[in-house]
S.K.: 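I am attaching a structure below and will ask some questions about it afterwards.
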Amino acid sequence: MERKVRVRFAPSPTGPLHIGGVRTALYNYLFARQMGGTMILRIEDTDSNRFVPGAEDYINEALAWLGIGIDEGVREGGEYGPYKQSERRDIYRHYVQQLLDAGRAYYAFDTPEELDAKRAEIKNFQYDASTRMQMRNSLSMPADEVKRLIDEGHKYVVRIKIEPDRDVTVNDLIRGEVTINSSVLDDKVLYKSADDLPTYHLANIVDDHLMEVSHVIRGEEWLPSAPLHVLLYEAFGWADTMPQWVHLPLLLKPDGKGKLSKRDGDRLGFPVFPLEWHDPASGDLSSGYREGGYLPEAVVNFLALLGWNPGDDREIMSMDELIRDFSFEHCSKKGAKFDYEKGKWFNHEYLSAMDDAKLAGLFKPQLAEHEVNADDYSDEFIARAVGMVKTRINFVKDLWANCGFFFKAPEAYAEKDVKKRWKPGTDDIMRQLVGVLDGIDDFSSANAEAIVLGWIKDNEMHMGNVMNAFRLTVVGECKGPHMFDITELLGKEETIKRIERGIANIQPIDA
RNA sequence: GGUGAUAUCGUCUCGCGGUCUAGGACGCCGCCCUCUCACGGCGGAAACCAGGGUUCGAGUCCCUGUUUCACUACCA
């Protein structure tokens, strides 16, 4: 039963790829890579009513950003194409006919209105063995009547004929055997009259079979229809090559109940999409992780651990580690509430560990936004500046607020800190400090610190007051990295200039 | 309503019959470090859904109930 591993991620281009979908794609990818298998991207656009322009490009861009590589797909090509379902109409028509000929499916002529009426009339109406003979279909009507309706061009759908009272078992790699009785299944529509395309159920099974998919890894919302899919494999005579089923737990709302939705992001103030999305119809803008200052590695790591764990205490894991250690055995069976705070922490960890030079590259656009010419500074200067503050941020975009002072002298001084640290007479002390600093030849952090601290001590001044006033003039507020690391990078000239500016501009505030 | 899945700190979770006075992480609180804000270090509060079994022994196995989630379209 050894089969080459081939998995597919099969989204519908009905909007931006949801973060839950991203996780499904990720798990498919991790498994494929671990097994040396193939990752397929199939576009399931069989609902012509819900097609959204740009959605397919969005899917490609999002997966690329996250480093989820695709081996076969619309753009990548492959031996099993086309990889877009709307281009496979003839294939589906052929297989629907096969089911019809074998008596495993039938024509149904009931209009949507008739079905609605029936549902209104009978409480829990289900189109199945117990009711199908009361409906208008090729099972309940004479053959010549059926032929006449079709010849006259009447609209019809094709429904699967479910045999009642049979136990159907779905073997799921994370849930074990799930058995249901076929009587609770309805005769699902396989082929729609509305747009002359198959429904998900039919297209999915045909494509997975033709594309030789070995493992179907998808969201738990598909578990209830999995028995139908098993029955379809049987009806086609493909039971012996049916893929392994894997139904992943869902991503749930952080608060309240239900699965995570687009609205939760707007409501709770965090992105639920990998990339920013401009809705072409409504004009609405939805925020994305990329634009929010997240690192793709952090998003991948965070998502991977939401519903899976390595079996030990590790949390920070690279894509390679995830590929090596991923297993369905350690997938949770329970839906995971989306914990945005934890996501922030992952990003913080990746930012803290990032190479200074690389982080400097991500920071440069912010310099431009604040009218600072990056070319005025060496790459080393910028790298040292971001390196000093990278452990105190959660997002790339937090960088300017934390190290912008290296590039722009303060234009205002935090009132709260002025009130506390700038008293009458402080200006005199700062003037003396200028003299002390001016006399230092080796302006390195350690040396300048020794001299200044020595001066403070010798004159029996208050360390906190002097240092914070000093900081106020250089940074503009009482926060930031080690004071003398700052002055070392800024240099003697700039440091003194800022102190003098502070002396000229800061006035004590009466409490 | 029906069917299925599910069940450990607020959240993500390790646990696969004794080593559990239940461990880790996020968040929260306190202490330390300290010129500030952070980072970091240390510590704290915080959980086995309920009831029955099985067993010498159950967070771990079984049953029932309950909970939560999903599905129940000519959407995926």
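Below, read A as the first sequence line, B as the second, and so on, with proteins coming before strands; counting in each chain starts at 1.
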S.K.: Pick from A/W345, A/F346, A/F270, A/F302: which one makes a ring pair (Phe, Tyr, Trp, His ring centres under 6.0 Å) with A/Y340?
M.R.: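 Per the ring pair (Phe, Tyr, Trp, His ring centres under 6.0 Å) rule, the option paired with A/Y340 is A/F270, out of A/W345, A/F346, A/F270, A/F302.
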
S.K.: How close or far is atom P of B/A25 from atom OH of A/Y340, stated in whole angstroms?
M.R.: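 Taking OH of A/Y340 and P of B/A25, I get 23 Å after rounding.
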
S.K.: Tell which nucleotide pairs with B/A38, taking only Watson-Crick or G-U wobble pairs whose two distances are both under 3.5 angstrom.
M.R.: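 With both distances under 3.5 Å required, B/A38 matches none.
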
S.K.: Just the rounded figure in Å: distance from P of B/A73 to CZ of A/R50.
M.R.: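 My rounded result for the distance is 15 Å.
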
S.K.: Is the positively charged end of A/R23 above the ring of A/Y27, judged by distance under 6.0 angstrom from the centroid and angle within 45° of the axis?
M.R.: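 That pair qualifies as a cation-pi contact.
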
S.K.: Applying side chain to side chain contact (heavy atoms under 4.5 Å, CB included) to A/Y107 and A/L139, what does each step give before you reach the verdict?
M.R.: CA-CA 8 Å; A/Y107 298 99; A/L139 260 24; over 6 Å; no

S.K.: Please encode protein proximity along nucleotides 44-49 of chain B as a string of B, S and -, counting only heavy-atom distances under 4.0 Å.
M.R.: ------

S.K.: Say you pick atom P in B/G18 and the same atom in B/A76; how far apart are they, in whole Å?
M.R.: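 One P to the other, the span is 49 Å.
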
S.K.: Going by purine N1 to pyrimidine N3 plus the second Watson-Crick contact, or the G-U wobble pair, all under 3.5 Å, which nucleotide sits opposite B/A5?
M.R.: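 Answer to the pairing question: B/U68, which forms a Watson-Crick or G-U pair with B/A5.
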
S.K.: Looking at A/K416, I'd like to know if its NZ atom is crowded, meaning that more than 12 non-hydrogen atoms belonging to other residues, nucleotides or ligands lie closer than 6.0 Å.
M.R.: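 No, NZ of A/K416 has 12 or fewer neighbouring heavy atoms, counting only those of other groups under 6.0 Å.
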
S.K.: Quick one: label A/T14 by what it contacts on the DNA or RNA (base, sugar-phosphate, nothing), any heavy atom closer than 4.0 Å.
M.R.: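 The residue A/T14 makes no contact with any strand.
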
S.K.: Can you tell me how far P in B/A70 sits from the matching atom in B/G51, rounded to whole Å?
M.R.: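 Each nucleotide's P atom is 28 Å from the other's.
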
S.K.: Can you tell me the base-pairing partner of B/G43? Count Watson-Crick or G-U wobble geometry only, both distances below 3.5 Å, and say none if there is no partner.
M.R.: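 Its partner is B/C29.
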
S.K.: Quote, to the nearest angstrom, the C1' distance that separates B/U19 from B/U72.
M.R.: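 Between the two C1' atoms, the distance is 48 Å.
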
S.K.: Looking at B/C14, does its base get a donor-acceptor pair with the side chain of A/H330 below 3.5 Å?
M.R.: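 By the distance-only test, no, there is no pair.
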
S.K.: For atom NZ of A/K118, is the number of surrounding heavy atoms from other residues, nucleotides or ligands below 6.0 Å larger than 12?
M.R.: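 Counting neighbours around NZ of A/K118, more than 12 heavy atoms of other residues, nucleotides or ligands fall under 6.0 Å, so yes.
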
S.K.: Generate the contact string for nucleotides 2-9 of chain B. Rules: B means base contact, S means sugar-phosphate contact only, - means no protein heavy atom under 4.0 Å.
M.R.: -SSSSSS-

S.K.: In whole Å, measure the gap between the P atoms of B/G40 and B/U8 for me.
M.R.: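 Approximately 29 Å lies between the P atom of B/G40 and that of B/U8.
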
S.K.: Does A/R132 count as lying over the ring of A/Y127, i.e. NZ or CZ under 6.0 Å from the six-ring centre, within 45 degrees of the axis?
M.R.: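 That pair does not qualify as a cation-pi contact.
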
S.K.: With P as the reference atom in both, quote the distance from B/A22 to B/A58 in angstrom, rounded to an integer.
M.R.: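 These two P atoms come out 15 Å apart once rounded.
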
S.K.: May I ask you to decide whether A/D339 forms a salt bridge with A/K342, counting only side-chain N to carboxylate O separations under 4.0 Å?
M.R.: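 Judged by the 4.0 Å cut-off on N to carboxylate O distance, A/D339 and A/K342 do not form a salt bridge.
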
S.K.: At under 4.0 Å between heavy atoms, what does A/D47 touch on the DNA or RNA strands: base, sugar-phosphate, or nothing?
M.R.: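 The answer is sugar-phosphate, as A/D47 gets under 4.0 Å only of primed atoms, P, OP1 or OP2.
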
S.K.: Could you give the CG-to-P distance, from A/D116 to B/C74, as a whole number of Å?
M.R.: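 So the CG-P distance, A/D116 to B/C74, works out to 9 Å.
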
S.K.: Distance check, P atoms only: B/G30 and B/C62, in whole angstrom units.
M.R.: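 Pairwise P distance, B/G30 against B/C62, rounds to 45 Å.
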
S.K.: Could you tell me how far apart A/K192 (NZ) and B/C74 (P) are, to the nearest whole angstrom?
M.R.: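 So the NZ-P distance, A/K192 to B/C74, works out to 10 Å.
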
S.K.: What integer distance in Å separates A/L202:CG from B/A73:C1'?
M.R.: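 Rounding to the nearest Å, CG of A/L202 and C1' of B/A73 are 16 Å apart.
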
S.K.: Under 4.0 Å between a side-chain N/O of A/N309 and OP1 or OP2 of B/C14, yes or no?
M.R.: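 Yes, within the criterion.
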
S.K.: Could you tell me the separation between the NZ atom of A/K337 and the C1' atom of B/C69, rounded to a whole number of Å?
M.R.: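 Computing the A/K337:NZ to B/C69:C1' distance gives 11 Å.
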
S.K.: Report the relative orientation of the aromatic rings in A/F363 and A/F407; use parallel for angles under 30°, tilted for 30 to 60°, perpendicular for over 60°.
M.R.: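 Answer is tilted, since the angle falls between 30° and 60°.
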
S.K.: From B/C71, B/C39, B/C74, pick the nucleotide closest to the side chain of A/H348?
M.R.: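 Minimum distance to the A/H348 side chain belongs to B/C39.
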
S.K.: Please give the nucleotide sitting opposite B/C48 as a Watson-Crick or G-U wobble pair, both distances under 3.5 Å, or none.
M.R.: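 WC or wobble partner does not exist here.
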
S.K.: Could you tell me how far apart A/Y92 (OH) and B/A76 (C1') are, to the nearest whole angstrom?
M.R.: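 Rounded to the whole Å, the gap is 13 Å.
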
S.K.: Going by purine N1 to pyrimidine N3 plus the second Watson-Crick contact, or the G-U wobble pair, all under 3.5 Å, which nucleotide sits opposite B/U19?
M.R.: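 Its partner is none (no Watson-Crick or G-U wobble pair with both distances under 3.5 Å).
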
S.K.: Closest to the A/H201 side chain: B/G40, B/C12, B/A76?
M.R.: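 Output: B/A76.
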
S.K.: Just checking, any donor-acceptor pair under 3.5 angstrom between side chains of A/N347 and A/Y289?
M.R.: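 The answer is no; no qualifying pair exists.
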
S.K.: Write down the distance between CG (A/L472) and P (B/U36), rounded to a whole number of angstrom.
M.R.: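 Result: 14 Å.
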
S.K.: Using the C1' atom on both, measure B/G10 against B/U68 and round to a whole Å.
M.R.: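 Those two atoms are separated by 16 Å.
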
S.K.: Other residues, nucleotides and ligands only: do more than 12 of their heavy atoms fall within 6.0 Å of CD on A/E415?
M.R.: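 Counting neighbours around CD of A/E415, 12 or fewer heavy atoms of other residues, nucleotides or ligands fall under 6.0 Å, so no.
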
S.K.: Hey, is A/D255 close enough to A/R267 for a salt bridge, meaning N to O under 4.0 Å?
M.R.: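 Salt bridge between A/D255 and A/R267, a charged N being under 4.0 Å from a carboxylate O: yes.
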
S.K.: Side chain of A/S193, base of B/C74: donor and acceptor closer than 3.5 Å?
M.R.: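 Check passes, donor-acceptor contact within cut-off.
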
S.K.: Applying a 4.0 Å non-hydrogen cut-off, can you work out what A/M463 is touching in the nucleic acid: base, sugar-phosphate, or nothing?
M.R.: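 Touches sugar-phosphate only.
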
S.K.: Taking the same atom, C1', in B/C71 and in B/U11, what whole-Å distance lies between them?
M.R.: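 Rounded to whole Å, the distance is 26 Å.
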
S.K.: Decide, yes or no, whether a salt bridge links A/D187 with A/K161 under the criterion of side-chain N to carboxylate O below 4.0 Å.
M.R.: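 No salt bridge links A/D187 with A/K161.
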
